[in-house]
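The next block holds one structure in the form of structure tokens; read it before the comments.
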Amino acid sequence: MIHESPRVRFAPSPTGYLHVGGLRTALYNYLYAKKLNGAFVLRIEDTDRTRYVEGAVENLIATLQWAGLDFDEGPIIGGDYGPYLQSERLDIYKQHAQQLIASGDAYYCFCNAERIEKVREEQKAIGIQPRYDKHCLALSKEEVQQKLDAGEPYVIRLNVRPGGVVGFDDEIREHVEFSTDVIDDQVLMKSDGFPTYHLANVVDDHLMKITMVIRGEEWLSSTPKHILLYDAFGWEKPKFAHLPLLLNADRSKLSKRQGDVAVESYREKGYLKEAILNFIALLGWHGPDDKELYTIAELIEAFSLERVSKSGAVFDLQKLAWLNQEYLKTYDPKLMIPEFRTSIEKQLHVSLEEVDDEWLIDVFIQMRERINVIDEVAIQAPYFFLPPDVYDEKSVGKNWNTEASRSVTELANRVEVMDDPSKEDYEAALRMIVSERGINAGKLIHPVRLAVSGVSGGPGLFDILYLIGKDETVERLRTAVERLG
RNA sequence: GGCCCCAUCGUCUAAUGGUCAGGACCUCGCCCUUUCACGGCGGUAAUAGGGGUUCGAAUCCCCUUGGGGUCACCA
């Protein structure tokens, strides 16, 4: 047999946004493909018309591209095995469903919802697992044809033969087995002419020559249905790798109710894609050594399914925050400026049009080791952009008094007559005053900090003074003296 | 409930029969320091329980317990 080149796919359904769990699945697929020089395919599983969301496909692709997980084949860019939107492949599914009917592996079912429901109720009442009772399997060819001709609505079901065992070797979980007795006669084609996930997925994975199915663990228990389908078609099966789930803090499946799950919302909050990718890569996978900071290139190099863990992983925001700061600290500040501008303007309602990049870069560098995400600059240090409107009470009580007030005024006087002062000039002026007055530097530093920023923490005082500039410094010092006495 | 998967510090994980059970986040302490951070150093903290197998078990087997997933004309 010819050795086929690795092909994997990410197959989300377009429900409006990309879930972080989905991003991790996409990432693992991407890493696997890149590592082995294979193809990464994007396929959109839009077979549920009731869940159709306008613009969801575009949004999904945009988010994937933002993250840098470029696919080799997929919607818009095309490829040799398209179309890549399942809603454009209906004829293919229909044809394959017919093939299964011909071979006896599937059958028409005309039961309506009421009957199905009634059967289930009865089964539950006598304590057995609710499953379709194969009622329509008993229909003769003629009866089926008659109903078809009469235009009766129908579905096509998989004909599962009880008494057997279906097993497969999962790349992550070793051998898994199921009895066919517990597998329902799954609907393959719905009455609206669309296939269900199970049929479309198997047909497409085969036709698109997928060699490795990497997906979430929630699919593990429906895999035997897929195996049955491959066997019914007589197709070679891909390998399967079922990833551990991403969990809430209480260890239930990561859900919207307990926090943000949309990749877009993390992006909006200012998390860097490098941090997000690095973080989710580590949720269920770990390299061979203690390394935790990975670039994408390094992930590709180090990744392997053998090192994927089996148990679910809690989505820990604290670790994400730490990672984001790690990237913030090493990132080229120039690249952050557009987002920085937007973040400040949006939150502080100021215009930064007149402000040049260099100044913003300096502010950013002062702040980046004090924040986890860029949006925190506006919260922690609005004083770079606006004079303080209130003064932290605790700091006032601790640092402000008549003597401090006099020293602050003195500093204002001396700064006022300076010509384009440097950071060092501010410091020299302040040190001169404390030396003349015979007081500790802190007696003046803290009041000055309070006067210009309104708070007690932040970057070095002289960096702040230099960045807000001479005029603003003088004005803020005088305003504080006026207001605080 | 049936079926399936899983089980090492609070969290993410390393250790594929022999380690003082390692690292990271968080947390605590100390140092640095004009503050807040950053950084440095150090500390607390785990093999779910019970049986086996073995000279030796976190590691292999069984049971129990716990958690999760799944049981649709949704994916």
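Numbered from 1 within each chain, the chains take letters A, B, ... in sequence-line order. These values consider heavy atoms only, across backbone and side chains, with no hydrogens, waters or symmetry-generated copies.
At a threshold of 4.0 Å, the pair A/Glu436-A/Arg414 counts as salt-bridged, since one of the basic side-chain nitrogens sits closer than that to a carboxylate oxygen. Note on A/Lys225 versus A/Asp184: no salt bridge recorded, every NZ/NE/NH1/NH2 to OD/OE distance being 4.0 Å or above. Checked for salt-bridge contact, A/Arg406 and A/Glu410 miss the test: no charged N lies under 4.0 Å from a carboxylate O.
Among the atoms of the strands shown, none is found under 4.0 Å from any heavy atom of A/Thr15. Among the heavy atoms of the strands, none lies under 4.0 Å from A/Gly216. Counting any heavy atom pair closer than 4.0 Å across all strands shown, A/Pro459 reaches a base atom. Using a 4.0 Å heavy-atom distance criterion, A/Ser13 is classed as a sugar-phosphate-only contact. Within the 4.0 angstrom heavy-atom criterion, only backbone atoms of the sugar-phosphate kind lie near A/Ala313; the bases stay farther away.
Searching all strands for a Watson-Crick or G-U wobble partner of B/G2 with both distances below 3.5 Å returns B/U70. When both distances must be under 3.5 Å, the Watson-Crick or G-U wobble mate of B/C41 is B/G29. Of the nucleotides present, none pairs with B/A15 by Watson-Crick or G-U wobble criteria with both distances under 3.5 Å.
Distances shorter than 4.0 Å separate some side-chain N or O of A/Arg251 from OP1 or OP2 on B/U11. Checking the phosphate oxygens (OP1, OP2) of B/A72, no side-chain nitrogen or oxygen of A/Lys190 falls inside 4.0 Å. Taking only side-chain nitrogens and oxygens, A/Arg131 never comes nearer than 4.0 Å to OP1 or OP2 of B/U70.
If you check B/C74, B/C5, B/U70 against the side chain of A/Glu218, the one that comes closest is B/U70. Of the candidate nucleotides B/A72, B/C26, B/C74, B/C74 has the atom lying nearest to any side-chain atom of A/Thr196. Distances were taken from every side-chain heavy atom of A/Gln318 (C-beta onward) to each of B/A14, B/G69, B/C26; the shortest belongs to B/C26.
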Checklist entry - Given the rule in the side-chain contact (heavy atoms from CB on, under 4.5 Å) test, do A/Lys273 and A/Leu23 qualify, once you have shown the distances and angles that lead to the verdict? => result CA-CA 11 Å; A/Lys273 64 171 190 286; A/Leu23 183 68; over 6 Å; no
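There is a side-chain donor-acceptor pair under 3.5 Å between A/Asn59 and A/Glu264.
Taking the nucleotide of RNA chain B with the nearest heavy atom to each of A/Arg370 and A/Lys310, the more 5' of the two is matched to A/Lys310. Residue order along RNA chain B, read from the 5' end via each residue's closest nucleotide, puts A/Glu177 first among A/Ala11 and A/Glu177.
At a cut-off of 3.5 angstrom, counting only N and O atoms as typed in the model, there is no donor on one side facing an acceptor on the other between the side-chain of A/Arg173 and the base of B/C5. At a cut-off of 3.5 angstrom, counting only N and O atoms as typed in the model, there is a donor on one side and an acceptor on the other between the side-chain of A/Lys319 and the base of B/A24. Contact annotation: side chain of A/Ser191 to base of B/C73, donor-acceptor pair present below 3.5 Å.
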